[in-house]
Amino acid sequence: MSSTLDNPFFARLWTVMAAHETEAIRRLRRENLAGLSGRVLEVGAGTGTNFAFYPDTVTEVVAVEPEVRLAEHAVTAAAAAPVPVTVRTETIEHFTASGGEQFDAVVCSLVLCSVGDPQDVARQLFSLLRPGGQLRYLEHIAGTGGRARLQRIADATVWPRLFGNCHTHRHTERSLADAGFMLAAARREWTLPRWLPVPVAEFAIGRAVRPS
Ligand SMILES: C[S@@+](CC[C@H](N)C(=O)[O-])C[C@H]1O[C@@H](n2cnc3c(N)ncnc32)[C@H](O)[C@@H]1O
């Protein structure tokens with residue numbers, strides 16, 4: 001497995017999409033980062049959209065972004081961030097913390113839908129967090145009924161190819177719980193009208209805590 005990703009179409013598409021996000025998604029990003037402190041690992045940072053929203057109680061962000069074209073944008077965003085951010089261009093599966101040091105928090109937004117094996121990544125993130133540390137997540141998740149059927153069709157056809165391996169029907173919170181995390185403050189939010197036939201209209205936002 002390569003340590004970087006090379007998907008020029010998705011990189012261009014995501015750069016445009018990230019620059020035109022709705023205020024509803026920006027509000028969720030701010031909520032996802034609120035109250036964080038200490039050293040943070042951000043997984044799959046994309047163009048670095050989250051960086052501007054880190055509170056000044058964060059002392060350092062190590063941001064992993066394996067898609068080189070997106071990482072270039074992330075480096076620019078890091079230079080303008082209110083807290084120190086270092087961008088590393090490898091997949092989270094290839095990431096090793098220097099000196100085996102653990103993080104106070106891990107941030108995942110719109111990324112656990114795209115990693116190859118969410119169970120393995122959840123276990124890895126558990127080990128990278130200090131006991132008592134939190135993983136903050138803002139993710140697409142598996143819906144129910146007709147939405148679930150739409151998601152399965154999307155995932156089996158064009159969606160992952162168009163959107164950098166994004167799988168819309170993932171039981172992300174179950175993967176986190178199976179890895180040993182305790183879920184706290186978990187809730188769902190719709191950022192588009194429920195009647196719209198879009199597989200990613202619903203988000204899960206919450207905190208997954210590594211027990212002390
Ligand atoms: C939909 S974008 C979201 C970007 C960013 N997290 C955000 O909230 O704007 C998904 C990101 O996950 C990254 N990604 C995909 N697979 C990854 C992996 N195995 N390890 C780390 N990042 C990954 C992609 O390169 C892309 O930047």
Side-chain angles (χ1 to χ4, degrees), residues 1-34 36 40-54 61-78 81 85-97 103 105-125 127-128 135-141 154-155 158-168 170 172 175 189 191 198-206:
M1 186 184 170
S2 169
S3 65
T4 58
L5 301 176
D6 183 22
N7 190 339
F9 173 79
F10 169 67
R12 272 196 290 274
L13 185 64
W14 186 253
T15 301
V16 174
M17 288 174 71
H20 294 88
E21 279 184 348
T22 62
E23 182 47 36
I25 295 181
R26 298 244 151 181
R27 183 175 50 73
L28 288 171
R29 286 187 185 280
R30 280 191 286 271
E31 179 183 336
N32 197 35
L33 305 180
L36 286 176
V40 175
L41 171 66
E42 181 171 334
V43 183
T47 58
T49 316
N50 281 330
F51 298 168
F53 302 130
Y54 278 102
V61 177
V62 177
V64 172
E65 177 44 60
E67 178 68 57
V68 178
R69 295 166 189 85
L70 294 178
E72 285 170 8
H73 290 284
V75 167
T76 304
V85 181
T86 310
V87 178
R88 288 180 42 172
T89 50
E90 68 239 56
T91 61
I92 190 62
E93 292 88 339
H94 283 84
F95 175 81
T96 46
F103 290 87
V106 171
V107 168
C108 293
S109 61
L110 315 178
V111 66
L112 294 174
C113 52
S114 302
V115 297
D117 185 332
Q119 302 279 358
D120 279 355
V121 169
R123 280 191 288 272
Q124 181 192 2
L125 298 180
S127 69
L128 286 166
L135 182 153
R136 299 284 187 94
Y137 63 90
L138 169 64
E139 292 287 342
H140 307 304
I141 25 82
D155 290 357
V158 294
W159 199 273
R161 290 182 180 84
L162 285 178
F163 295 105
N165 201 43
C166 173
H167 289 77
T168 63
R170 280 212 167 148
T172 297
S175 299
E189 180 135 349
T191 55
V198 177
V200 292
E202 189 185 16
F203 286 85
I205 183 166

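Atoms within a ligand are numbered from 1 in the order they appear, just like the ligands themselves.
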(message) Checking Arg136 against Glu31 for the salt bridge (charged side-chain N to carboxylate O under 4.0 Å, His left out) test, could you report, in this order, the C-alpha distance in whole Å, the side-chain angles of both residues, the deciding distance, and whether it holds?
(response) CA-CA 10 Å; Arg136 299 284 187 94; Glu31 179 183 336; over 6 Å; no
(message) Can you check which of Leu5, Leu28, Thr91 brings a heavy atom nearest to atom 16 (N) of ligand 1?
(response) Leu5
(message) Heavy atoms only: which of Glu65, Glu21, Met17 lies closest to atom 26 (C) of ligand 1?
(response)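 The option holding the nearest heavy atom is Glu65.
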Students should be able to answer this: which protein heavy-atom is nearest to [atom], and at what distance?
atom: atom 9 (O) of ligand 1; value: Arg29 NH2, 2.9 Å
atom: atom 5 (C) of ligand 1; value: Gly44 O, 3.2 Å
atom: atom 3 (C) of ligand 1; value: Leu110 O, 3.5 Å

Of all the atoms in ligand 1, which lie at a distance below 4.0 Å from a heavy atom belonging to [X]?
X: Glu67; result: 25 (O)
X: Gly46; result: 4 (C), 5 (C), 27 (O)
X: Glu93; result: 18 (C), 19 (N), 20 (N)

(request) Any salt bridge (charged side-chain N to carboxylate O under 4.0 Å, His left out) involving residues 42-54? Give me the pairs, sequence neighbours left out, ordered by first then second residue. (result)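 Qualifying pairs, neighbours excluded: none.
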(request) Assess Ala45 for proximity to ligand 1: is some non-hydrogen atom of it under 4.0 Å away? (result) yes
(message) Is there a polar contact between ligand 1 and Ser109, counting only N or O atoms under 3.5 Å apart?
(response)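 Yes, at least one N or O pair falls under 3.5 Å.
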(message) Is there a polar contact between ligand 1 and Phe10, counting only N or O atoms under 3.5 Å apart?
(response)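 So ligand 1 has no N or O lying under 3.5 Å from an N or O of Phe10.
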(message) Using the salt bridge (charged side-chain N to carboxylate O under 4.0 Å, His left out) criterion, which residues pair with Glu21? Sequence neighbours excluded.
(response)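 Salt bridge (charged side-chain N to carboxylate O under 4.0 Å, His left out) list for Glu21, sorted by chain: Arg26, Arg29.
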(message) Below a 4.0 angstrom heavy-atom separation, can you tell me which part of Phe163, side chain or backbone, both or neither, approaches ligand 1?
(response) neither
